[in-house]
Amino acid sequence: MKRVLLIEDEKNMARFIELELRHESFSVVVADDGKTGLELALKEEWDLVLLDLMLPEIDGIEVCRAIRERKKTPIIMLTARDSIDDRVSGLDSGADDYIPKPFAIEELLARMRVVFRRQEEQTDLARTKLAFRELVADLEARTVAKAGQTIELTKREYDLLVVFMKNINRVLPRDVLLDTVWGYESAVETNVVDVYVRYLRNKIDSAQEGSYIQSVRGIGYVMRK
């Protein structure tokens, strides 16, 4: 069940939206001023914030900016003010969408579905890519790029790099790397890991920066922020 924070000071409007969203199986919490709404938005995790523009205590623009400084929670602004300047201000403050009052609940639900779908697409994209400094590994295409330039890697080099990028700041012993990349039943020795780390360094490092893969004496290697 998706959690929605509704920050709206018009009691009749807030009650109407709350009941309609609950009917659509959303979990809804209502705040009737900007200060309370902001505290709830920052304190708890929400799938969406519905935010009125004109609020007591702190107005919607400031609430939106404050949320966006700390979180990526989707925000849809609701307001009776429908000028171009108001829309631009709302979107520039970090809102994902803007819907003027009065509106049909069907339109609000449609806008919410668009925001949720966009969020899911971004999440799916993040799951298929790994990024560290200037390196980006595309797990679906099995490609690696540095600062936008493709780096040609062998299968073993790619698999080894992905293991490092999935374990940033975690020291990986040679035997763990060997088992993960070459397999438990592999007949190769652990020094093959050193050889392939050297191959990787030759391809991804540059003289102007420190090595992406750091050695940990007597243990193994790590990609460390």
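Please read these numbers as outputs of a predicted model, since none were measured by experiment.
Residue Ile7 comes nearest to Leu38 through the heavy atom pair CD1-N, 4.4 Å, listed as atom of the first residue, atom of the second, then distance. Annotation for Asp52 and Thr79: closest pair OD1-CA, 4.0 Å, computed over non-hydrogen atoms. Heavy atoms only, all atoms of each residue included: Leu42 and Ala66 are closest at CD2-O, 4.1 Å. In terms of heavy atoms, Ala95 sits closest to Met77 at CB-CG, 3.9 Å. Among all heavy-atom pairs drawn from Ser25 and Met1, the shortest one is O-CG, 3.1 Å. In plain terms, the two heavy atoms of Tyr221 and Val193 that are nearest each other are CE1-CG1, 4.1 Å.
Hydrophobic clustering (side-chain heavy atoms under 4.5 Å, transitive across Ile, Leu, Val, Met, Phe, Trp, Tyr) groups Ile105 together with Leu6. At a threshold of 4.5 Å between side-chain heavy atoms, the hydrophobic network of Ile, Leu, Val, Met, Phe, Trp and Tyr places Leu40 and Leu21 in two separate groups. Under a hydrophobic clustering in which Ile, Leu, Val, Met, Phe, Trp and Tyr are joined whenever their side-chain heavy atoms come within less than 4.5 Å, directly or via other members, Val115 and Ile67 fall into different clusters. One hydrophobic cluster holds both Val30 and Met13 under the rule that ILVMFWY side chains link at heavy-atom gaps under 4.5 Å. Following chains of ILVMFWY side-chain contacts shorter than 4.5 Å, one can reach Leu109 starting from Ile99, so the two form part of one hydrophobic cluster.
If you take CZ on Phe164 and CD on Gln214, they are separated by 10.5 Å, rounding to the nearest 0.5 Å. Taking CG of Asn167 as the start and CE of Met223 as the end, the distance is 11.0 Å to the nearest 0.5 Å. Atom CG in Leu55 sits 9.0 Å away from atom CG in Asp32 (nearest 0.5 Å). Here Asp9 contributes atom CG and Thr36 contributes atom OG1; the two are 11.5 Å apart, rounded to the nearest 0.5 Å. For the atom pair Arg224 CZ and Ile168 CD1, the distance stands at 10.5 Å (nearest 0.5 Å). Between the CG atom in Leu48 and the CG atom in Leu5 there is a gap of 9.0 Å [rounded to 0.5 Å].
In the displayed structure, Arg170 atom CZ is contacted under 6.0 Å by at most 12 heavy atoms of other residues, nucleotides or ligands. Atom CG of Asn12 is surrounded by 12 or fewer heavy atoms from other residues, nucleotides or ligands within 6.0 Å. More than 12 heavy atoms of other residues, nucleotides or ligands sit less than 6.0 Å from atom NZ of Lys203.
The shortest distance between side-chain heavy atoms of Leu53 and Ile61 falls below 4.5 Å. Taking 4.5 Å as the limit, every side-chain heavy atom of Leu177 sits out of range of all side-chain heavy atoms of Tyr196. Taking the side chain as every heavy atom from C-beta outward, Val162 and Leu160 never approach each other to under 4.5 Å. Looking at heavy atoms from C-beta onward, Cys64 lies in side-chain contact with Leu51 at the 4.5 angstrom threshold. Two residues are said to be in side-chain contact when any heavy atoms from C-beta on lie closer than 4.5 Å; Glu134 and Ser206 fail this criterion.
For Arg111 (side chain) and Tyr98 (main-chain N/O), a donor-acceptor pair under 3.5 Å exists by modelled atom type. Looking at Arg156, its side chain does come within 3.5 Å of a backbone N or O of Val181 through a donor-acceptor pair. Looking only at distances, a side-chain donor or acceptor of Ser211 sits under 3.5 Å from a matching main-chain atom of Ile213.
Ion pairing between a basic and an acidic side chain is recognised when a charged N comes within 4.0 Å of a carboxylate O; Glu140 and Lys129 show no such pairing. Ionic pairing of Lys35 and Glu39 is present here: one or more N-O contacts between side-chain nitrogen and carboxylate oxygen are shorter than 4.0 angstrom. Comment: Arg68 engages Asp96 in a salt bridge, judged by a side-chain N to carboxylate O separation of less than 4.0 angstrom. Residues Glu20 and Arg15 are not paired through a salt bridge, judged by the lack of any N-O separation under 4.0 Å between the basic side chain and the carboxylate. At a threshold of 4.0 Å, the pair Asp194-Arg198 does not count as salt-bridged, since none of the basic side-chain nitrogens sits closer than that to a carboxylate oxygen. We find that Arg117 and Glu120 are not joined by a salt bridge, their nearest charged nitrogen and carboxylate oxygen being 4.0 Å or further apart. Taking a cutoff of 4.0 Å between a charged side-chain nitrogen and a carboxylate oxygen, Arg70 and Glu45 do not qualify as a salt bridge.
Judged by distance alone, the side chains of Asp138 and Thr143 never bring a donor and an acceptor atom under 3.5 Å apart. In summary, the side chains of Thr73 and Arg3 do not present any donor paired with an acceptor at a separation below 3.5 Å, with no hydrogens or angles considered.
Within the cation-pi definition used here (under 6.0 Å to the ring centroid, within 45° of the axis), Arg133 qualifies as a partner of Tyr212. The side-chain tip of Lys2 points at the ring of Phe116 from less than 6.0 angstrom away and within 45° of straight on.
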Applying side chain to side chain contact (heavy atoms under 4.5 Å, CB included) to Ile17 and Val28, what does each step give before you reach the verdict? CA-CA 9 Å; Ile17 295 174; Val28 184; over 6 Å; no
For side chain to side chain contact (heavy atoms under 4.5 Å, CB included), just list the numbers for Asp59 and Met54, CA-CA rounded to whole Å, side-chain angles, deciding distance to a tenth of an Å, and then say yes or no. CA-CA 6 Å; Asp59 70 32; Met54 300 176 67; over 6 Å; no
Run the numbers on Ile151 and Ile204 for side chain to side chain contact (heavy atoms under 4.5 Å, CB included), then give the verdict. CA-CA 8 Å; Ile151 298 174; Ile204 67 177; 3.9 Å; yes
Under the criterion salt bridge (Lys or Arg N to Asp or Glu O under 4.0 Å), I'd like the reasoning laid out for Arg22 against Glu18: C-alpha separation, chi angles, the key distance, then a yes or no. CA-CA 6 Å; Arg22 289 185 185 279; Glu18 179 185 8; 3.1 Å; yes
Given Leu50 and Leu108, is the side chain to side chain contact (heavy atoms under 4.5 Å, CB included) satisfied, shown in steps? CA-CA 10 Å; Leu50 296 177; Leu108 175 60; 4.0 Å; yes
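Shown are Thr154, Asp205, Leu153, Val144; of these, the side chain to side chain contact (heavy atoms under 4.5 Å, CB included) with Leu200 is made only by Leu153.
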